[in-house]
Student: 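Sharing a structure with you now.
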Amino acid sequence: MNKILKIIFLLIFLTSNAVAGSDGDLKLSSKNNSTKDCFEPLNRATFAFNQGLDKAILKPVAKGYRSLPAPIRKGTGNVLNNLSTLITIPNNVLQGDLKLAGINTGRLVVNTTLGILGIFDPASEMGFPKYVKEDYGQTLGTWGIGPGCYLVLPVLGPSTVRDTAGMFINVMGGDPYYNISVNGNNEYLDGELFAATKMLTGVEFRANNIESLENLESNSVDFYASVRSLYTQDRANKIKNIQRGSVEVIYKEDGDWEEIDTK
Amino acid sequence: MKKIFILILFFITSLTNFNPAYSISPDVFIQSTVNRASQVLSENISKEEKINKLKLIAMETVDIKGVGFYSLGSARKSLSNEQKSTYSNLFKNYFLKSFSSRLAEYTNPEIEVKNKQILNDNYTIVKSILIATDDRPEVKIDWRVYTKNSDNPLIRDLIIEGLSLARTQKEEFTSILNSNDGDINALFKILEDFSNN
């Protein structure tokens, strides 16, 4: 009950724009959906720190992970995806998509049982629709809460005020896996396993993007700004639930193109 | 008499079909462009040679000047003609180096054009997929094609999995200008350094 109260408080806090450090211009309403980089100097410093950490630890670990046999990587990815449905399902409900919540619940049951704790993905083979992750940041976005300022979190990377609040909801009771492993009283799961799972999620993401990030870094004149742009574009697409790569309003919103006439 | 008749018929047919240029459908244009690029990437030549060939394709098929002015955002409105000219040259060199270096990393990519959506007279979005391999999943790529001159469509943006490369570049340039008090010469220097390195 205490957790539910905390979550409600957090949501009221967000929707009422009560953000510390705001000079009154900072809005988290749907009227202002652009992402301002209010803390750019600090963000750039954190970004540089994260890059150092990445070069020293994450990238070498990700390369090591990539050298594992493909079936092991595939199985690990499946397990992590399966665990993420525990967060996706309540977010499907909160976004009013009860049908998808039902489908994802079915996927979770099938993959946890027949798929042996999610190592295999029989649900996809049975014809379940393609799995799309949802989180509390996205839900807040679909409720009309703007991103607020752009943030670069130590270790965790790019985020926004809204998305960081979404992450807090996870540890305030919104993530059943966290509740069971960290707060639950059982002999199989604990906080260390939860932390290891989250680290593995980061390693897997990094391993899947080694070349693309290298390519982006070497061909950018401002790598920090490139990452910020890609992050904010990606989040905006996810909140609008635009199927990646489809022609949607995003193309029509950018009126700047109409002014460019080189003929 | 028969020959004269045939000649007249030929002449009339020629007149009615007279068309100095042929309109190219944006999806056909994209498929043809990616086929050319794929062919270069699968050739057994050095990376430098591939980059040079890709640059030639880019110069023919991409509206580099248009992408450049888009990338500059609102700053383009305050440039003098001389600055615009300097910027266009610097951007061209930067773009060709950046674009071809990015592409040259791929070997034999197979891109299949799926369909197109006309946004207005000036723009058509062509949807395609980079076919999956054992190493990477399928990637959706959309192309913003500038169709104002339908005889000579040009690429203005690539939207990879919903992420616009032109918009990313625009935000990069805006960031550079903001951190240099809007001084365009700072951007010129960065573009020049990038091209020369």
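In what follows, chains carry the letters A, B, and so on, assigned in the order in which the sequence lines appear, proteins first and then strands, with residues in each chain numbered from 1.
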Student: Report which part of A:Glu211 has an atom under 4.5 Å of a heavy atom belonging to chain B: side chain, backbone, both, or neither.
Tutor: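 Neither part, no heavy atoms under 4.5 Å.
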Student: Name the region of B:Asn178, side chain, backbone, both or neither, that has any atom closer than 4.5 Å to a heavy atom of chain A.
Tutor: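 The answer is neither part of B:Asn178.
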Student: Highest number of heavy-atom pairs under 4.5 Å with chain B: which of A:Ser218, A:Ala225, A:Ser212, A:Ala70?
Tutor: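 Most heavy-atom pairs under 4.5 Å with chain B: A:Ala225.
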Student: Could you verify whether a donor N or O on one side chain and an acceptor N or O on the other, from A:Thr88 and A:Tyr131, lie under 3.5 Å apart?
Tutor: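 Their side chains do contain a donor-acceptor pair, which is all the 3.5 Å distance test asks for.
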Student: Kindly indicate, with the supporting measurements, whether the criterion ring-ring contact (aromatic ring centres under 6.0 Å, His included) is fulfilled by B:Tyr70 and B:Tyr146.
Tutor: CA-CA 13 Å; B:Tyr70 170 83; B:Tyr146 186 48; over 10 Å; no
Student: Go through the atoms of B:Phe99 and report whether side chain, backbone, both or neither lie under 4.5 Å from a heavy atom of chain A.
Tutor: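 Contact with chain A involves no heavy atom of B:Phe99 at all.
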Student: If you draw a 6.0 Å radius around NZ in B:Lys92, do more than 12 non-hydrogen atoms from other residues or ligands fall strictly inside?
Tutor: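 No, not enclosed.
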Student: What part of B:Lys77 gets closer than 4.5 Å to chain A, counting heavy atoms only: side chain, backbone, both or neither?
Tutor: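 Contact with chain A involves the side chain of B:Lys77 alone.
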Student: Just jot down the salt bridge (Lys or Arg N to Asp or Glu O under 4.0 Å) partners of A:Arg73, sequence neighbours excluded, or say none.
Tutor: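 Applying salt bridge (Lys or Arg N to Asp or Glu O under 4.0 Å) to A:Arg73 gives none.
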Student: Please classify the contact between A:Arg66 and chain B as side chain, backbone, both or neither, with a heavy-atom cut-off of under 4.5 Å.
Tutor: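 Contact with chain B: none, neither part.
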Student: Return the option, out of B:Asn122, B:Ile129, B:Asp193, B:Ile176, with the maximum number of heavy-atom pairs under 4.5 Å with chain A.
Tutor: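 Winner by heavy-atom pair count: B:Ile176.
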Student: Which residues pass the ring pair (Phe, Tyr, Trp, His ring centres under 6.0 Å) test with A:Phe223, not counting sequence neighbours?
Tutor: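 With neighbours one apart ignored, the set is A:Phe47.
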Student: Would you say B:Ile118 has more than 12 foreign heavy atoms packed within less than 6.0 Å of its CD1?
Tutor: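 Open: at most 12 neighbouring heavy atoms sit under 6.0 Å from CD1 of B:Ile118.
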